[in-house]
Number of protein chains: 2
Amino acid sequence: MEKLVIEFIKHIRQYSTLSNEAENAIVALARNETLAKGTILSKEGKTCKHLYFLKSGTVRTYFYQDGKDITHWIYPKNNMVTSWHSYLSQTPSKDYIETTEISEVISLTYTQWQELYTTFPELERFGRLLIEEQMALIDDFYKGYYFLSAKEKYQLLIKAIPNITQIANLGHIASMLGISQETLSRARK
Amino acid sequence: MEKLVIEFIKHIRQYSTLSNEAENAIVALARNETLAKGTILSKEGKTCKHLYFLKSGTVRTYFYQDGKDITHWIYPKNNMVTSWHSYLSQTPSKDYIETTEISEVISLTYTQWQELYTTFPELERFGRLLIEEQMALIDDFYKGYYFLSAKEKYQLLIKAIPNITQIANLGHIASMLGISQETLSRARK
DNA sequence: TGTTATTTTTGACTTATGTCAAAATCTACT
DNA sequence: AGTAGATTTTGACATAAGTCAAAAATAACA
């Protein structure tokens, strides 16, 4: 089990150089979990308190709009996952986060991170670079998005998450792209 | 002119406590400019090197898709502005940034910020909080966006930028929302 | 291996929004 | 104030994508 945290440390090291003290602090605080398929990590109305590192498995974030289940994003393994708006502003979430297959996650809470940021500047750097990366991805992905046809949207997603068809079903992918399942089915031919 | 930098310092102070040394460093590096309407701050193909604080005026970011001018976002005064993907990754931009009226901006370069981050932890905190705020805004704004009707999209924008009709014309707003100008014109009645 | 459940595809029809073009309104400058 | 330019609105029509429903394909499981 402890091995999982080491994977997370390795991940952080890709962003910022870690002192031994910072590493020890993270190892001491991090929670390791192996989660069954369908586990809910965060739900609507609750403030998302955790920032997760998904070591293995797949996670889907979704919300309900007019009673319909809309996929927000699908996260393959080795990604940082949370309900960004809720986590960053510590206000109630509109999202659900669920595992769509058996998954291993390492997590710390928002409060723990705030303390780590103050104590270890190199972790504050990690925090900054992490969000910057997410921001750059989003800024790029959605540029001109709504002027694309259903087919072009699908192609863009394939480029962003090549194995998306292996880790998510059509309905989830379609709602993530903002198109109907039927249209997506027709588009990919 | 120097007064402008003070406004920027005030802005930073809303995010992080500044030491005198950090404040002096920013004052020494910051560039103040008053820009005529239509000034291009960054263009397609070039790497966006500056992070701007828009003290007064209005800025529009846009790009070309199939030869059409698509507005990415409109920034009212007192906002931090840059071409996020290009600035954060220091790679060539797809965006243009232009003032749509006479504007005052204070700016530092990406390189300057990297040095400031390393020297002053409180500025690294500012950098982190700034990008976190942007991220939370985007995450919230676009949630379920493409399942909204033209009218609902417009209402969402009004909520995000109440004075948008004063600072941008219909065509710019429409392309920003991903709808045609005609549809927007009909929707807002 | 047969049966049931789930997911994906296909078909028929509807609709919101796009496109092109012209008219109307607003804005700015001499 | 009057003219030219830019912006917004209106009209007519085309079309991509939505919806509802059923069939086909795939996966799950006894």
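In the text below, chain A, chain B and the rest are named by the order of the sequence lines, each starting its count at 1.
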Please evaluate residues B/Ser56 and B/Glu104 with respect to the criterion side chain to side chain donor-acceptor pair (under 3.5 Å), reporting the C-alpha separation (whole Å), side-chain torsions for both, the decisive distance (0.1 Å), and the verdict. CA-CA 5 Å; B/Ser56 70; B/Glu104 294 171 300; 2.8 Å; yes
List, with names and distances, any nitrogen or oxygen atoms from the protein found under 3.5 Å away from nitrogen or oxygen atoms belonging to nucleotides 27-30 of chain C.
none

Without placing hydrogens or testing angles, list every side-chain donor-acceptor pair under 3.5 Å for residues 35-44 of chain A, not counting sequence neighbours.
{"residue": "A/Thr39", "atom": "OG1", "partner": "A/Ala36", "partner atom": "N", "Å": "3.4"}
{"residue": "A/Thr39", "atom": "OG1", "partner": "A/Ala36", "partner atom": "O", "Å": "2.6"}
{"residue": "A/Glu44", "atom": "OE1", "partner": "A/Tyr96", "partner atom": "OH", "Å": "3.4"}

According to the salt bridge (charged side-chain N to carboxylate O under 4.0 Å, His left out) rule, which pairs have a member within residues 8-21 of chain A, sequence neighbours left out?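 Non-adjacent pairs meeting salt bridge (charged side-chain N to carboxylate O under 4.0 Å, His left out): A/Glu7-A/Lys10, A/Arg13-A/Glu23.
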Which residue pairs pass the salt bridge (charged side-chain N to carboxylate O under 4.0 Å, His left out) test when at least one of the two sits in residues 131-142 of chain B, sequence neighbours left out? A/Lys94-B/Asp140, B/Arg128-B/Glu132, B/Asp139-B/Lys143
Rounded to whole Å, how long is the line connecting atom [atom1] of [X] with atom [atom2] of [N]?
X: A/Ile179; N: D/dT15; atom1: CD1; atom2: C1'; answer: 17 Å
X: A/Ile173; N: C/dT9; atom1: CD1; atom2: P; answer: 10 Å
X: B/Leu184; N: C/dT19; atom1: CG; atom2: P; answer: 14 Å
X: A/Arg186; N: D/dA17; atom1: CZ; atom2: P; answer: 12 Å
X: B/Leu177; N: C/dG18; atom1: CG; atom2: C1'; answer: 15 Å

If I compare all heavy atoms of B/Phe120 with all of B/Ser19, which pair ends up nearest, and what's the gap?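 Answer, listing the atom of B/Phe120 first, then B/Ser19: CD2-OG, 4.3 Å.
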Taking C-beta and beyond as the side chain, do [X] and [Y] meet within less than 4.5 Å on heavy atoms?
X: B/Met80; Y: B/His11; result: yes
X: B/Ser83; Y: B/Ile97; result: yes
X: A/Leu51; Y: A/Trp84; result: yes
X: B/Phe8; Y: B/Leu108; result: yes
X: B/Glu122; Y: B/Thr17; result: no
X: B/His85; Y: B/Asp95; result: no
X: A/Leu177; Y: A/Tyr145; result: yes
X: B/Ile173; Y: B/Thr71; result: no

Examine A/Phe141 together with A/Trp73 and report whether their ring centres are nearer than 6.0 Å. yes
is_close_aromatic(B/Tyr52, B/Tyr75), centroid dist under 6.0 Å: no
Of all of residues 64-77 of chain A, which get a heavy atom below 4.0 angstrom from DNA chain D, listed by number? A/Lys68
Which residues in residues 145-165 of chain B have at least one heavy atom lying under 4.0 Å from any atom of DNA chain D? none
Without placing hydrogens or testing angles, list every side-chain donor-acceptor pair under 3.5 Å for residues 157-169 of chain B, not counting sequence neighbours.
{"residue": "B/Asn169", "atom": "OD1", "partner": "B/Gly171", "partner atom": "N", "Å": "3.2"}
{"residue": "B/Asn169", "atom": "OD1", "partner": "B/His172", "partner atom": "N", "Å": "3.0"}

Please tell me if A/Thr183 has a side-chain N or O lying less than 4.0 Å from either OP1 or OP2 of D/dG18.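 Result: yes.
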Go through C/dG11, C/dT19, D/dG18 for me and flag the one nearest to the B/Glu182 side chain. C/dT19
Given axes from five pairs at either end, by how many degrees does the helix from C/dT1-D/dA30 to C/dT30-D/dA1 bend, rounded to 10°?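 For the helix from C/dT1-D/dA30 to C/dT30-D/dA1, the axes at opposite ends meet at about 50°.
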Set of salt bridge (charged side-chain N to carboxylate O under 4.0 Å, His left out) partners for B/Glu98, sequence neighbours left out: B/Arg60
At a cut-off of 3.5 Å, list every protein nitrogen or oxygen paired with a nitrogen or oxygen from nucleotides 6-8 of chain C, distance to 0.1 Å.
{"residue": "C/dT8", "atom": "OP1", "partner": "A/Leu170", "partner atom": "N", "Å": "3.3"}
{"residue": "C/dT8", "atom": "OP2", "partner": "A/Leu170", "partner atom": "N", "Å": "2.9"}

Nucleotides 25-27 of chain D: which of its N/O atoms have a protein N/O under 3.5 Å away?
none

Identify every side-chain donor-acceptor pair in residues 181-189 of chain A under 3.5 Å, counting partners at least two apart or on other chains, and give the distances.
{"residue": "A/Thr183", "atom": "OG1", "partner": "A/Ser180", "partner atom": "OG", "Å": "3.0"}

